Number of protein chains: 2
Amino acid sequence: MSELHVLTTGEAARYCGVNFRTVIRWIERGQLKAYKLPGRGDHRICVEDFVGFLRDNSMPVPSELAAASRKVLLLASDPELTAAGRQALQQVGCDVEVAGDSFVAGTLMAGCKPALMVIDANLVGVNGFQILDHLRSRSEYANVRVVVIAPAGERDQQRWLNAGADALVAHPGERSELAAKVKLLLEV
Amino acid sequence: MSELHVLTTGEAARYCGVNFRTVIRWIERGQLKAYKLPGRGDHRICVEDFVGFLRDNSMPVPSELAAASRKVLLLASDPELTAAGRQALQQVGCDVEVAGDSFVAGTLMAGCKPALMVIDANLVGVNGFQILDHLRSRSEYANVRVVVIAPAGERDQQRWLNAGADALVAHPGERSELAAKVKLLLEV
DNA sequence: GATATAGTTGACAGGTATGACAGGTTAAAT
DNA sequence: ATTTAACCTGTCATACCTGTCAACTATATC
């Protein structure tokens with residue numbers, strides 16, 4: 001079942017540093033969409049509506065709410081691979097963020113809450129296994145899907161799967177392969 | 001849930017002995033980051049941004065606000081250094097988060113919004129210069145203070161300063177040195 | 001040292017959204 | 001079933017917004 005994620009006025013108020021009365025007034029004015037419960041008239045705000053409202057008013061969006069299901073983080077530095085990957089991912093409707101090193105990847109992981117991460121295993125200075133380990137050991141990242149771009153036919157392939165990778169793509173050019181696997185993983 | 005701690009223009013003005021009109025002008029000029037409420041256009045200033053602004057202009061930081069941003073991120077993996085560093089930092093009242101690699105450091109930087117970061121320059125697999133570059137080039141991280149633990153008497157020391165480090169500590173043991181410099185940077 | 005000039009700040013006024021409070025009710029937790 | 005905690009409504013004082021103008025500060029020039 002699809003669990004509807006909603007907020008109360010109090011929660012919304014705390015998220016934007018405001019009194020709950022003010023949130024109710026925003027709703028009354030029609031600036032923020034919400035529905036009412038029959039009993040006391042409690043307001044419930046769908047997270048999507050709330051995030052949209054925050055964006056419309058250029059207010060900061062709390063990272064735990066930003067979870068956009070089509071956001072993908074690509075960790076790669078080779079310009080060719082980066083460009084090809086971005087294009088392939090955008091073609092299947094993804095919102096792509098690119099990181100060139102582990103640190104930036106980390107900031108984007110925590111800041112943008114992507115649903116999926118693509119790691120170029122050949123990237124020097126990046127330990128993909130370490131990253132995967134960390135993701136799998138943290139509940140807040142445990143269900144981020146991970147696709148690894150790794151040379152075909154090596155024993156590493158099995159290592160990646162054991163470490164928790166959701167899919168492997170045999171190196172570079174196969175942009176259609178990447179796109180297909182990402183699409184599949186995001187649709188489940 | 002992440003509760004947003006924010007200030008109004010009036011509060012910010014009182015904190016730095018200034019007219020609220022002036023605070024608004026700082027915001028309009030882009031010197032102080034803030035967002036607006038949809039109604040009357042009230043400004044809300046995140047405490048971290050405000051403290052960063054105060055530090056950037058060497059204005060005194062009120063203790064009750066400094067307490068809110070005493071969070072420090074320690075990037076190190078050597079167990080001895082990690083333990084010593086954590087202890088030293090806690091002794092000067094810091095709230096310490098430890099990362100063992102760049103990726104984790106990135107997630108903590110974006111997730112915990114530390115006011116200061118300590119980087120062990122000897123950590124293999126970590127390019128501190130790259131991290132520093134990234135911090136300095138992003139407005140949201142630009143006023144995070146950075147202390148580097150680097151071997152004394154090398155030409156690297158100057159490179160670190162040029163790259164934007166706020167202070168250097170000559171390698172390991174000198175825990176009192178680390179604590180003192182961190183304390184200084186957080187209090188100015 | 002005195003004067004001119006540009007830029008920043010503070011004061012004031014009119015308008016209005018926001019926060020605080022109180023009394024009542026229900027949703028949620030146990 | 002009971003208790004606790006959070007939400008609702010209405011009202012009022014407060015604090016914030018905008019715009020304008022005078023006062024102040026810093027810098028440059030004579």
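Being a predicted model, the structure only gives us computed values, none of them experimental. Chain naming here is simple, since letters A, B, ... match the order of the sequence lines and numbering starts at 1 in each.
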**Student:** Take the protein atom NZ of A:K36 and the nucleotide atom C1' of C:dT25, then report the distance between them rounded to whole Å.
**Tutor:** 14 Å

**Student:** Would you call the rings of A:H134 and B:F103 parallel, tilted or perpendicular if under 30° counts as parallel and over 60° as perpendicular?
**Tutor:**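 Perpendicular.
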
**Student:** Can you measure A:L37 atom CG to D:dT9 atom P for me and round it to whole angstrom units?
**Tutor:**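 About 12 Å, once rounded to whole Å.
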
**Student:** Would a hydrophobic clustering, with Ile, Leu, Val, Met, Phe, Trp and Tyr connected at side-chain separations under 4.5 Å, put B:V96 with B:L186?
**Tutor:** yes

**Student:** Separation of A:E28 atom CD from D:dT11 atom P, in whole Å?
**Tutor:** 13 Å

**Student:** Using salt bridge (Lys or Arg N to Asp or Glu O under 4.0 Å), reason through B:D95 and B:K113 one step at a time and then give a plain yes or no.
**Tutor:** CA-CA 12 Å; B:D95 197 355; B:K113 297 270 170 69; over 6 Å; no

**Student:** Donor-acceptor pair, distance only, cut-off 3.5 Å: does the side chain of B:R136 make one with the backbone of B:G164?
**Tutor:** yes

**Student:** So, OP1 or OP2 of D:dC8: does either fall under 4.0 Å of a side-chain N or O from A:H43?
**Tutor:**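 So the side-chain polar atoms of A:H43 do come within 4.0 Å of the phosphate oxygens OP1 or OP2 of D:dC8, strictly under.
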
**Student:** Can you tell me if A:E80 has over 12 outside heavy atoms packed within less than 6.0 Å of its CD?
**Tutor:**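 No, the 6.0 Å shell around CD holds no more than 12 heavy atoms from other groups.
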
**Student:** Is the backbone N or O of A:C16 less than 3.5 Å from a side-chain atom of B:Y35, with the two atoms forming a donor-acceptor pair by type?
**Tutor:** yes

**Student:** Could you write nucleotides 5-16 of chain C as a row of B, S and -, 5' to 3', where a protein heavy atom under 4.0 Å of any base atom gives B, of only sugar-phosphate atoms gives S, and otherwise -?
**Tutor:** ----BBB---BB

**Student:** How close or far is atom C1' of D:dA15 from atom CG of B:D42, stated in whole angstroms?
**Tutor:**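 Atom-to-atom, B:D42 to D:dA15, this comes out as 8 Å.
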
**Student:** From CD1 of B:I24 over to P of D:dC17, roughly how many Å is that when rounded to an integer?
**Tutor:**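 Rounding to the nearest Å, CD1 of B:I24 and P of D:dC17 are 4 Å apart.
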
**Student:** What is the distance, to the nearest angstrom, from the OH atom on A:Y35 to the P atom on C:dA27?
**Tutor:** 13 Å

